[in-house]
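Down below is the structure, laid out as structure tokens.
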Amino acid sequence: MIELRTPAEIIEMQAAGAFVADTLAALKARAAVGMNLLELDAYAHTLIRQRGAESCYLDYAPSFGSGPFGYVLCTSVNDAVLHGKPHDYTLADGDLLTLDFAASVDGWVADSAVSVVVGTARAEDLALIQLTEDALAAGIAAAVVGNKIGDISHAIGSLAEAAGLRVNLDFGGHGVGRTMHGDPHVANNGRPGRGYPLRPGLVIAIEPWFLQGTDKLKTDRDGWTLRSADGSRGAHSEHTIAITETGPLVLTRPRPAA
Ligand code: MG
Ligand code: MG
């Protein structure tokens, strides 16, 4: 079921968006050579406690994972791209790290992800990250009243295809509200003019993620972490946005440092 939020509810949701944005910015600043994934997760957990927020991941046990997740942050490194379960791994020079974080503040969820390279970057990794960010921006630009979900999907997918990449349609964006994953599904490729019409009050996560060499995934033995089937690297970029009469409002947009 698709739920629409009132303007007052969208204002309430901005607190969750700001917390998720600030947490990801703090984690990104800490992501460096020598940092352990478990330390990043523990730090995120500290920030959740300090804020009085609730993790969307800790007890999460969906059909596609071997739940409960047990951590508050997804950390996907190199050929891992989605749902990376934090483990005892110390980041090394050139690692491509995706941080995906969702939390609830005052009963509203926000969900956002970012990919970064720690240390010395390979040009192709920076290009892949840039492509996911460009695709996210294109998807957000298409998230206007009068368009349909398919227009967002098409905006994302056509950028990937222009870069010669195949798009996996199994995992994509989703409705966001009191819980993390709701309707509608927002695929990362699709036909323009199709699907649910975008209405004011629709709040969705848009989250392009691409792999350098394939659109196929395999699951780690931890039951969660999704890796490329061919060992190529992946990147992921996500924001939670609200569709309003005056255009898309990015709830998880990073704020300038105070
Ligand atoms: Mg996410
Ligand atoms: Mg999401």
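Just so you know, ligand 1 is whichever comes first in the structure, and atom 1 is the first atom listed for that ligand. Below, all heavy atoms of this structure are taken into account, side chains as well, without hydrogens, waters or symmetry copies.
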Under 3.5 Å donor-acceptor pairs involving side-chain atoms of residues 171-190, not counting sequence neighbours:
unit_1	atom_1	unit_2	atom_2	d
H174	ND1	M180	O	2.9
H174	NE2	D111	OD2	3.0
H174	NE2	E207	OE2	3.0
R178	NH1	G107	O	3.2
H181	ND1	Y60	OH	2.6
D183	OD2	M1	N	2.6
H185	ND1	G173	O	3.4
N188	ND2	E207	O	3.1
N189	ND2	E161	OE2	2.9

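- Connectivity analysis of hydrophobic side chains (ILVMFWY, heavy atoms under 4.5 Å, direct or indirect) links I129 to L96, V117, L126.
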For residues 20-27, tabulate all N or O donor-acceptor pairs below 3.5 Å that involve a side-chain atom, not counting sequence neighbours.
unit_1	atom_1	unit_2	atom_2	d
D22	OD1	R255	NE	3.3
D22	OD1	R255	NH2	3.4
D22	OD2	R255	NH2	2.3
T23	OG1	F19	O	2.8

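- Looking only at atom types and distance, the side chain of Q212 has a donor-acceptor partner in the side chain of D125 under 3.5 Å away.
- Side-chain contact of T120 with D93: a donor-acceptor pair under 3.5 Å is present, judged by distance alone.
- Under the 30°/60° scheme for interplanar angles, the aromatic rings of Y89 and H87 are found to be tilted.
- If you look at the Mg ion (ligand 2), the protein N, O or S atoms less than 2.8 Å from it are D111 OD2, H174 NE2, E207 OE2, E238 OE2.
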